[in-house]
Structure formats: C-alpha cells, structure tokens
Amino acid sequence: MGSGIAEVCARAGCDVTVVEADSARAEAAYQRIVGSTAKAVARGKMTTDEQGSTLAQVTVSDDLESLSPSQLVIEAVSEVIALKLTIFERLDHLVEDPDAILASNTSSIPIARLGAATTRPENVVGIHFFNPAPVMKLVEVIPAITTSEDTLKIVNDFVSVHLEKSVVLCRDQAGFVVNGLVVPFLMSAVRMLEAGVATREDIDTAVKTGLNHPMGPFELADFIGLDTIYEIGKVLYEEFRDPANAPPPLLARLVESGWTGRKSGRGFYSYL
Ligand code: CAA
C-alpha cells in the first residue's frame, strides 16, 4: 500500500520519499505510481500535467536514513509486529525534528505498542488507508492513549483538508473499525467454504449480487493479501479471544504454501 499512500500525498503537493528494503523494490514502487497515475489520466481523473507534477514530488530510496528530515513518516511495512517495532525504534533515532509525526498504516496492531517503542509516543498515531489508496476515500485516524491532542489535530487536518479523504476517528483497539468488521467476515467465508456450503465462486457471486459489494470475499481476500488477513486475524484473536477472529485452517495452509493472493500470483484464485 505504500506506493498508493505516496501517490495520494504527492498528488496533494507533499515532497514524498518512499523507502523500500532494496533498490529493486524502490524502483518497483515508483513504477507502481507511474502505472496508477497513468490509469488515472486514462480515466480522466488526472491531467498529464498533474501526473507530471505528482511524479516530480516522489523520490525513492532504499535507505531509511533518507527519512531523517521528514515532518511526517507513514510506516506501511508488512503486518508483523516485530518488524514494525524495529522500524519505529529506528525512526525514533533517525528522524531529526522532535515534533515530527511518526504514523503507522497498520491494519490492526494497537498504536500504543508502536508508540512505546519510541521516546516520543505523543507523536505516534495511526493513519490507516484503504487499498487502493488513491481510489478509496476512507482513512481511519487512531490516537493511542499516549498521542497528544496536537498530533491528533495536525493529522486530522492533514488527512481531511490536505489529502481530501474522509476521516473516521477510531479507538485504539485491534482492527479499529473496518478490519474489526471485515476480517471476521472474510474468515467466515473461508469457514463456509471449508464446510462445503457453496463453492468460492458462488460465495463471491452471492456477496457481489446479493449485497452489491464490488468484490466477493475471496476476491477481496486475494486483493488484500492472505498473509495480511492471517496476521490481522491473529491480532484480533489475541485481543478479544473470540473464536470468530481465529484464522481458519485453510487460510493458514494457503499462507504457509506461499499462496498469498494476487501479489504472489495465487491465493483462492490463480492469477498466473
Ligand atoms: N487516482 C484516482 N483515481 C483512480 C486511480 C488513481 N491513481 N486509479 C484508478 N482510479 C479510479 C478509476 O478512474 C475508476 O473510477 P471510475 O469508476 O469513476 O471510472 C475507479 O478508480 C476504479 O478503478 P478501476 O476501473 O481501475 O477499477 P475497478 O472498477 O475494477 O475497481 C476496485 C477496482 C476499486 C479495487 C474495486 O474492485 C473495489 O472497490 N474493490 C473493493 C476494494 C476494497 O474493499 N478495499 C478495501 C480493502 S480493506 C483494506 O484495504 C484495509 C486493510 O487494512 C486490509
């Protein structure tokens, strides 16, 4: 999602530095922004001049140190708590401005845990975008108990006024609003498939045509990433101990097999 978030911020006129784990991934992130903005131009959502100015705002790097002068960092690494904690510890050391805001695009992990990995938890907040970020209007803003009123106000204004997204303020509990609802729904669909109630195609068709959702649960799960859903399910289960949140065996087996959805070419469906 990082490239989508970068595109949204660059389009709003921010100088954006995208940091990836290596130079090949950094270049791939840039190419995703080129492709996404080209699609926006083709659909009449952006002029070629706006595409040019958006791309001119984006720099890519494979060095976390290049974030040192930032005023706002939005972390969007995989949904693995140990990795996120390491990133927040490093950001705390390297981001120079003591008032800089350190935000996470986490889908489910409580923000207080990430704030506690820094010496400035008052500047740590959740800014949760939805995939694809340039298209989806919602952003959940999540203050931790330790987040200051100033941080919350700056982030709220930035997201709603500057990025023109609709903000929903969420309490700092696992899954926030949307994933607290959709992840148990997606896992219920997997359990329904395991129980042989209907085929994955028919479950998807039922949800698309019976509920008018743009994607059925298996299409959406593949789109989000099965590893992401699996990790969110584990975080929800750890927080609430509700069996409805526990990842079902079929989801676990697909993830263990590397079938993580569209990004790997295979999930509930094949994209090869
Ligand atoms: N900037 C602005 N607009 C863009 C754009 C860009 N870079 N790229 C595409 N668009 C516009 C297109 O112009 C198009 O607009 P119109 O319909 O007005 O023409 C619209 O976005 C859709 O684009 P596409 O035609 O390329 O795609 P589509 O019609 O096949 O829809 C989809 C694709 C938007 C993904 C749709 O299937 C959908 O809404 N699916 C559900 C997505 C969803 O639920 N996301 C949330 C997942 S949960 C999550 O993300 C949270 C988490 O933590 C896990």
Side-chain angles (χ1 to χ4, degrees), residues 1-12 16 29-48 50-55 57-58 74-81 84 103-111 126-142 163-166 168 170 173-187 189 204-205 207-209 211-236 245 247 251 255 260-263 267 269 271:
M1 283 190 72
S3 56
I5 298 169
E7 179 185 327
V8 171
C9 295
R11 193 174 180 181
V16 181
Y30 187 76
Q31 289 309 325
R32 277 197 297 277
I33 300 173
V34 171
S36 171
T37 50
K39 202 167 170 180
V41 171
R43 298 294 183 87
K45 295 286 159 69
M46 196 185 248
T47 64
T48 40
E50 284 167 341
Q51 184 191 21
S53 54
T54 299
L55 293 173
Q57 298 290 120
V58 178
I74 304 178
E75 165 278 313
V77 303
S78 305
E79 201 66 1
V80 176
I81 185 139
K84 288 193 187 279
S104 177
N105 180 55
T106 176
S107 306
S108 61
I109 296 168
I111 305 303
I127 305 181
H128 184 216
F129 290 80
F130 290 80
N131 202 9
V135 177
M136 305 299 280
K137 292 202 167 32
L138 177 67
V139 172
E140 293 175 327
V141 170
I142 308 110
L163 302 186
E164 298 179 348
K165 295 286 187 186
S166 57
V168 168
C170 304
Q173 66 171 42
F176 319 124
V177 171
V178 173
N179 284 327
L181 292 168
V182 80
V183 171
F185 166 70
L186 297 177
M187 294 194 301
D204 275 347
T205 300
V207 168
K208 282 189 288 188
T209 56
L211 292 172
N212 262 5
H213 286 200
M215 290 176 164
F218 298 106
E219 291 168 336
L220 182 58
D222 278 354
F223 180 68
I224 294 172
L226 304 189
D227 51 340
T228 301
I229 291 165
Y230 181 64
E231 293 299 332
I232 298 171
K234 286 199 293 188
V235 172
L236 288 173
N245 294 325
L251 181 62
V255 173
T260 52
R262 280 199 196 186
K263 63 186 166 190
Y269 296 104
Y271 304 89

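Hydrogens, waters and symmetry mates are skipped; everything else that's a heavy atom, side chains included, is used. Each ligand, and each atom within it, is numbered from 1 in the order the structure gives.
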One line per pair, note the atom names and distance for all nitrogen or oxygen contacts under 3.5 Å between ligand 1 and the protein.
| residue | atom | partner | partner atom | Å |
| --- | --- | --- | --- | --- |
| ligand 1 | 7 (N) | E7 | OE2 | 2.6 |
| ligand 1 | 7 (N) | S36 | O | 3.2 |
| ligand 1 | 7 (N) | S36 | OG | 2.8 |
| ligand 1 | 13 (O) | K45 | NZ | 3.3 |
| ligand 1 | 15 (O) | K45 | NZ | 2.7 |
| ligand 1 | 18 (O) | K45 | NZ | 2.5 |
| ligand 1 | 25 (O) | R43 | NH1 | 2.6 |
| ligand 1 | 25 (O) | R43 | NH2 | 3.0 |
| ligand 1 | 26 (O) | K39 | NZ | 2.9 |
| ligand 1 | 45 (N) | N131 | O | 2.8 |
| ligand 1 | 50 (O) | N131 | N | 2.9 |
| ligand 1 | 53 (O) | S107 | OG | 2.9 |
| ligand 1 | 53 (O) | H128 | NE2 | 2.7 |
| ligand 1 | 53 (O) | N179 | ND2 | 2.9 |

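- Remark: the backbone N or O of E75 is not paired with any side-chain donor or acceptor of N105 at under 3.5 angstrom.
- No side-chain donor from either of T228 and E79 sits under 3.5 Å from a side-chain acceptor of the other.
- Counting only distance, with no hydrogens or angles, the side chain of T106 and the backbone of S108 share a donor-acceptor pair below 3.5 Å.
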Could you list the donor-acceptor pairs under 3.5 angstrom formed between side-chain atoms of residues 126-137 and any protein atom two or more places apart in sequence or on another chain?
| residue | atom | partner | partner atom | Å |
| --- | --- | --- | --- | --- |
| H128 | ND1 | E140 | OE1 | 2.9 |

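- Sorted by first and then second residue, the salt bridge (charged side-chain N to carboxylate O under 4.0 Å, His left out) pairs involving residues 35-47 (not counting sequence neighbours) form an empty list.
- Residue pairs meeting the salt bridge (charged side-chain N to carboxylate O under 4.0 Å, His left out) criterion with at least one partner in residues 214-232, sequence neighbours excluded, are K208-E219, D227-K263, E231-K234.
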